[in-house]
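In this text the structure is predicted, and so the values were computed from the model without any measurement. The residues of the chain are indexed from 1 along the displayed sequence.
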Amino acid sequence: EIGQSDFVPADFEVNIGMSDDCIKSPSIDLVDENGEKRGQLSIVGQVDRADIYKKDGKTYVRIIDYKTGTKHFRKEDVAYGFNLQMLLYLYCISLSETKRYGENVVPAGVLYIPVRKPEIKDAFLGDDMETKYKNTLETSFKGDGLVIDDLDVLEAMDKGITGRFVPAKLTKNGEFDKRFSKVESLEEMGSLLKKAARVSGKLASLMCSGNIEVNPYKQVASPCSYC
C-alpha cells in the first residue's frame with residue numbers, strides 16, 4: 001500500500017494533547033441542556049500513523065488506526081456517540097495551532113487497517129493452497145473508514161481507485177460504487193468532524209453534571225456483571 005501511494009507516513013504514535021510536545025488540542029465547548037457554556041474540553045490521545053500528501057499548496061492528512069480485530073465504520077453512529085475517536089483526532093490535527101503539517105491542512109480521511117494475518121484453515125488445503133491464501137491476504141488488510149471524494153486525492157491513495165487499499169471504488173462509468181465506497185465531500189467531512197466534537201462536548205457536559213448512570217449500549221441482564 002505504501003509502495004504505490006503518494007501519501008507518505010509523516011508521523012507514528014503522534015500525541016495529541018495540551019503539552020508542548022503534542023499536537024495541541026483545540027478546545028471544545030461544554031454546553032448544558034439549556035445551551036449554557038459550562039467549560040471546555042481538550043482531547044488527549046495518540047494516533048498510530050499520520051500520512052500526508054501535498055498538492056496545490058495544501059497538505060492533505062489522513063490518519064491510520066491499526067486494528068488486531070475487525071472494524072466497520074458507519075458515519076451514522078457518530079450522532080449516538082460512537083466512532084468518535086479517530087474523527088476527533090483528525091479534527092484536532094486540522095484545527096490545531098501547532099501547525100505540525102503546515103498552514104493549509106486538509107482532512108483527507110480516517111482509515112482502520114487490520115494488522116493480523118488470516119489463519120490457514122481447511123479451505124486453504126489442497127493443490128492451490130498457496131493461491132487461495134495469497135488471494136485472502138490481498139483482501140485481509142483493506143482499510144475501512146471514511147475518505148474525501150476528491151478523485152486526485154483518492155488516486156494518490158489507491159492507483160486507479162480500485163478499492164484495494166481504501167474504501168473507495170469507481171464503477172466503469174466513473175461513478176463511486178455505492179455498495180463499497182465510504183466517501184464524503186470535503187465540506188461534509190468537515191461537518192462530520194465538527195459533529196464529533198459537538199457530541200463529545202455534550203457527553204462530557206453530561207458527565208460533569210453528574211450523569212454517570214449504569215446504562216451500557218448493549219442491554220444485558222446485569223450491567224455491573226457486564227462491565
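- Side-chain N or O atoms of K195 include none that pairs as donor or acceptor with a backbone N or O of V78 at under 3.5 Å.
- Between I148 and E184, the closest side-chain pair of non-hydrogen atoms is not below 4.5 Å.
- Residue-environment remark: CD (E187) stays at or below the threshold of 12 foreign heavy atoms within 6.0 Å.
- Note on V166 and V8: separate hydrophobic clusters, where clusters join Ile, Leu, Val, Met, Phe, Trp and Tyr whose side-chain heavy atoms are under 4.5 Å apart, directly or indirectly.
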*Is there a salt bridge (charged side-chain N to carboxylate O under 4.0 Å, His left out) between R49 and D11 once you walk through the steps?*
CA-CA 6 Å; R49 192 177 102 206; D11 263 323; over 6 Å; no
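- Side-chain atoms of L146 and L192, non-hydrogen and from C-beta on, do get closer than 4.5 Å to each other.
- A distance-only check finds a donor-acceptor pair linking the side chain of S5 to the backbone of F7 [under 3.5 Å].
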*Verdict with supporting geometry, K37 and D29, salt bridge (charged side-chain N to carboxylate O under 4.0 Å, His left out)*: CA-CA 7 Å; K37 184 177 175 180; D29 288 339; 3.4 Å; yes
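- Put simply, V44 and L95 are part of two different groups of oily side chains (I, L, V, M, F, W, Y) that touch within less than 4.5 Å, one to the next.
- In this structure, the side chain of S96 engages the main chain of K24 through a donor-acceptor pair within 3.5 Å.
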*asked:* Please determine whether salt bridge (charged side-chain N to carboxylate O under 4.0 Å, His left out) holds for the pair E103 and K54, giving the CA-CA distance in whole Å, both sets of side-chain angles, and the decisive distance to 0.1 Å.
replied: CA-CA 12 Å; E103 291 291 332; K54 296 189 176 184; over 6 Å; no
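- Without hydrogens or angle criteria, T59 side chain to V105 main chain gives no donor-acceptor distance under 3.5 Å.
- Remark: the backbone N or O of R38 is not paired with any side-chain donor or acceptor of S205 at under 3.5 angstrom.
- Residues satisfying the ring-ring contact (aromatic ring centres under 6.0 Å, His included) criterion with F176, sequence neighbours excluded, are absent altogether.
- Of the possible donor and acceptor atoms, one in the side chain of Q4 sits under 3.5 Å from a partner among the backbone N and O of K159.
- For the residue pair K99 / N104, no side-chain donor-acceptor distance below 3.5 Å is found, with atom types taken as modelled.
- Between the side chain of D177 and the main chain of R179, a donor-acceptor pair closer than 3.5 Å is present.
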_Apply side-chain hydrogen bond (donor to acceptor under 3.5 Å, both in side chains) to residues N173 and T171 and explain how you reach the verdict._
CA-CA 5 Å; N173 60 9; T171 61; 2.3 Å; yes
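- D21 and S19 share a donor-acceptor pair across their side chains, judged by distance under 3.5 Å alone.
- A cation-pi arrangement, defined by a distance under 6.0 Å to the six-membered ring centre and an angle within 45 degrees of its axis, is absent between K67 and Y112.
- Looking at S181, its side chain never comes within 3.5 Å of a backbone N or O of A168 through a donor-acceptor pair.
- Among residues two or more places apart in sequence or in another chain, the ring-ring contact (aromatic ring centres under 6.0 Å, His included) test is passed with F12 by none.
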*Could you give me the CA-CA distance, side-chain angles and deciding distance for L111 and D144, then say whether side-chain contact (heavy atoms from CB on, under 4.5 Å) is met?*
CA-CA 6 Å; L111 290 177; D144 197 356; over 6 Å; no
_Verdict with supporting geometry, D158 and R164, salt bridge (charged side-chain N to carboxylate O under 4.0 Å, His left out)_ = CA-CA 7 Å; D158 184 345; R164 181 183 178 190; over 6 Å; no
